[in-house]
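Taking it in order: structure first as structure tokens, then the write-up.
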Protein chains: 2
Amino acid sequence: MNETATLWWDAESTSIHYIEQTLLPNEYSIIKCRGIEKLATAIRRLEIRGAPALGVAGAYGVALAAVLADGKDLKSFMEAVNRDSDILRSTRPTAINLAWGIDRVLAAMKPEQTPADAVTRAIVTAEEIAREDTACCHAIGRHGAALLPDSCTVLTHCNAGALACSSWGTALGVIRSAVNAGKQVKVISCETRPLLQGARLTAWELARDGIDVTTITDSTAAHLMRKGAIDAVVVGADRITRDAIFNKIGTYMHAVCAHHHKIPFYVAAPRSTFDPKNSEQDVIIEERGRDEVTIMGSRTYVPEGAHVKNYAFDATPMELVTAVITETGVLRPPIDIHKLLSHQSTT
Amino acid sequence: MNETATLWWDAESTSIHYIEQTLLPNEYSIIKCRGIEKLATAIRRLEIRGAPALGVAGAYGVALAAVLADGKDLKSFMEAVNRDSDILRSTRPTAINLAWGIDRVLAAMKPEQTPADAVTRAIVTAEEIAREDTACCHAIGRHGAALLPDSCTVLTHCNAGALACSSWGTALGVIRSAVNAGKQVKVISCETRPLLQGARLTAWELARDGIDVTTITDSTAAHLMRKGAIDAVVVGADRITRDAIFNKIGTYMHAVCAHHHKIPFYVAAPRSTFDPKNSEQDVIIEERGRDEVTIMGSRTYVPEGAHVKNYAFDATPMELVTAVITETGVLRPPIDIHKLLSHQSTT
């Protein structure tokens, strides 16, 4: 086990282990998961979240499905695995990495002739995806760190950190790599309503690493930009279509305000996040329950007579993006479908 | 007592009565206040808040100070009243109306020759200010309603409603007057972190009046603007200098995003909010405590190792404002100091 890993496969117990993120920063708890429904619930409840981590969770999920499937004959075995994969795939509609991780393990299993070989292949492939994800974050970090000034304050939204990946992080990977390279980086972490991943997770993992981090309410960002207190914005992404970045609700607001203040707006994401076949209009933006917005602790903050809209993500058009930082390098505008496709095809 | 009043003077008990706003929407509680320190604490704790309501609270506060002051001789009487007025004045540095209400009552008391006459004058003047505030909101409402389309969705931030005034409201006064005039108005109420006045107060008072209201997290506003779901933004103001609107933190973000989407951005405020002698740089933006951001209910959401910045207000430059809606009419750009001053001088 890697100490800073977010989720991993435990070979001994053939189960997934993960940090339960809804309990942070108050409680650090490792959950052992050996059931598909349990894993699906953990993903739906955001106990595991973050685009790259969902890719790894999807991959481990198929491995777990393979371990649990009845192995009498290959056909019924694969039927069971596919059924479980569909359950996992449906948990979060917007993040593309989840489906990407699931499909990659399923594809790797296909040539195998026996259930036993398919199980082995599934586990090996899932482990490979997790290792690749960590390597990928370090490469993103290296490429991104070069874009930051030697001394700067970076604003980030939500958590595109170690907790959103296998480890290291995408947006926070850029910050970690810059700090490792000797740059003086301060971080403004937007709390990220409604579920406060910026306050709970980003502030927690940066403070733990000794990186200077300040939490603000989301709507304070524009005020700090106007005061000249922000040198760059770096965020992650849940899906990148040919025309837009899908990321946590609030990302678009930061992009508009960064544009208004001529502050660079960077998106750090592995190429597994790319979805060049689709455009913005093809993507469903997940709407989540009323209670996430209205209830905190035991108290209800919105009266019953009021409606609530709770979009989990928004779309930022490519025109507002200064650069997309990937594991193979930095894509600068015009960031068009051909560039995305040619990069994608080299995967 | 006016049923929808937010705070009022009770002649029988010579005390201030007010709705305790921190308990809404779960508890509707009227507090009787007959102490200057108690009133100062109520203002600091935001049990009474909102720029016009603070003007009325300041006025009633001086009346209360006069009632409580030792009335032996005029000089020591006025010393006591002034001392108490200074306590009240220092509670909130950004909202100008508080000082405006205090100073207006003090000025009215000046010509009086006996403590008893000064007490009477203070109460009469404070009552006058409260009545004027209600009339003012209705006038703002009438002028503002004319600006809204017959069928529209209006986004507002924080609470510039009845609860922020004597009654009716400024931004919400515009919405109420439009609804009264037969327009179909839907309201998007931004929850307004950290203290959720949009969720707790605006949604509560609009739902109570049967006006269609939807609560969103603050950072969802830009996403809705991009989807074409917002026809206008209407907010209140805590202070209007010759170059900027000071209002609840988050207002500036909405102004930038409205500008980007070519959506009209209106500020509804009585002329008592105007501060034409000062410019943005002269105004202190109140910073409030860490706990407002980090703690909700019994849970702490930000780890100890992280800093927190909690600005109560931000400044929106006049260039981003489509119009300022006042009780005497609508000011359109260029909204310059001369216009403000000439309007101010007719008060």
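What you are looking at is a predicted structure, and each value in this text was computed from that prediction instead of being measured. Because only heavy atoms are used, hydrogens play no part in the values below, and waters and symmetry mates are left out as well, while side chains stay in. Residue numbers start from 1 in every chain, and the chains themselves are labelled A, B, ... in the order their sequence lines are given, proteins ahead of strands.
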Problem - Electrostatic pair B/R176-B/E205, nearest N-O below 4.0 angstrom - result: yes

Handout entry: Spacing of CD1 belonging to A/I249 relative to SG belonging to A/C158, to within rounding of 0.5 Å
Key = 11.0 Å

Exercise for the section: Please determine, by modelled atom types, if A/Q21 and A/R49 share a side-chain donor-acceptor pair under 3.5 angstrom. Expected result: yes

Handout entry: Charged tip of B/R208 within 45° of B/W204 ring normal and under 6.0 Å
Key = yes

Problem - Polar contact flag, side-chain donor to acceptor under 3.5 angstrom, A/D275-A/T241 - result: no

Practice task
Name the region of B/D314, side chain, backbone, both or neither, that has any atom closer than 4.5 Å to a heavy atom of chain A.
Solution key: both

Handout entry: Side chain / backbone / both / neither for B/L224 at chain A, heavy atoms under 4.5 Å
Key = side chain

Practice task
Check B/E292, B/M296, B/K248 against B/R193 for a side chain to side chain contact (heavy atoms under 4.5 Å, CB included) and give me the one that passes.
Solution key: B/M296

Fill in the blank from the handout: When the 4.5 angstrom heavy-atom criterion is applied to B/R299 and chain A, the contacting part is side chain

Problem - Best-contacting candidate, A/P317, A/P303, A/G198, against chain B by heavy atom pairs under 4.5 angstrom - result: A/P303

Handout entry: Residue B/H259 versus chain A: region with a heavy atom under 4.5 Å
Key = side chain

Problem - Contact class of B/I295 relative to chain A, heavy atoms under 4.5 angstrom - result: neither

Practice task
Please state whether the side chain, the backbone, both or neither of B/A315 comes within less than 4.5 Å of a heavy atom of chain A.
Solution key: both

Problem - Heavy-atom side-chain proximity of B/T316 to B/N247 below 4.5 angstrom - result: no

Handout entry: Residue pair B/I240 / B/M318, side-chain heavy-atom distance below 4.5 Å
Key = yes

Exercise for the section: Measure the OG1-CG distance between A/T6 and A/L163 for me, rounded to the nearest 0.5 Å. Expected result: 5.0 Å

Practice task
Would you mind checking which part of A/H260 comes under 4.5 Å of any heavy atom in chain B, side chain (CB onward), backbone (N, CA, C, O), both or neither?
Solution key: side chain

Exercise for the section: Identify which of A/V213, A/T294, A/T215 forms the greatest number of heavy-atom pairs closer than 4.5 Å to chain B. Expected result: A/T215

Problem - Within-4.5 Å side-chain heavy-atom neighbours: A/R92 and A/L46 - result: yes

Problem - Per-residue contact mode, A/N26 against chain B (heavy atom under 4.5 angstrom) - result: side chain

Handout entry: Portion of B/L24 that has a non-hydrogen atom of chain A nearer than 4.5 angstrom
Key = backbone

Exercise for the section: Check each atom of B/K227 against the heavy atoms of chain A and say whether the ones under 4.5 Å are side chain, backbone, both or neither. Expected result: side chain

Completion exercise
Per-residue tally against chain B (heavy atom, under 4.5 Å) across A/G210, A/C257, A/S189, A/A221 peaks at A/C257

Fill in the blank from the handout: From the list B/T300, B/D218, B/I216, the residue making the most non-hydrogen contacts under 4.5 Å with chain A is B/T300

Problem - Max heavy-atom pair count under 4.5 Å with chain B, selected residue of A/L206, A/V308, A/L201, A/V293 - result: A/V308

Problem - Region of A/T220 in contact with chain B, defined by heavy-atom distances below 4.5 Å - result: both

Practice task
May I ask you to name which of B/G250, B/A255, B/G297, B/G305 has the most heavy-atom pairs under 4.5 Å with chain A?
Solution key: B/G250

Fill in the blank from the handout: Tightest non-hydrogen contact, residues B/A268 and B/V234, listed as CB-CG1, 4.3 Å

Problem - Contacting region of B/L196 [heavy-atom separation from chain A under 4.5 Å] - result: side chain

Handout entry: Note, A/V235 side chain near A/F265 side chain (heavy atom, < 4.5 Å)
Key = yes

Exercise for the section: Identify which of B/E191, B/M253, B/R226 forms the greatest number of heavy-atom pairs closer than 4.5 Å to chain A. Expected result: B/R226

Problem - For chain B, the option from A/P25, A/C190, A/A306 that forms the most heavy-atom pairs under 4.5 Å - result: A/P25

Handout entry: Side chain / backbone / both / neither for A/I285 at chain B, heavy atoms under 4.5 Å
Key = side chain

Practice task
Would you mind telling me which of A/H254, A/E280, A/M225 has the largest number of heavy-atom pairs within less than 4.5 Å of chain B?
Solution key: A/E280

Problem - From CA spacing to verdict: side-chain contact (heavy atoms from CB on, under 4.5 Å), A/I19, A/I30 - result: CA-CA 5 Å; A/I19 300 174; A/I30 306 291; 3.8 Å; yes

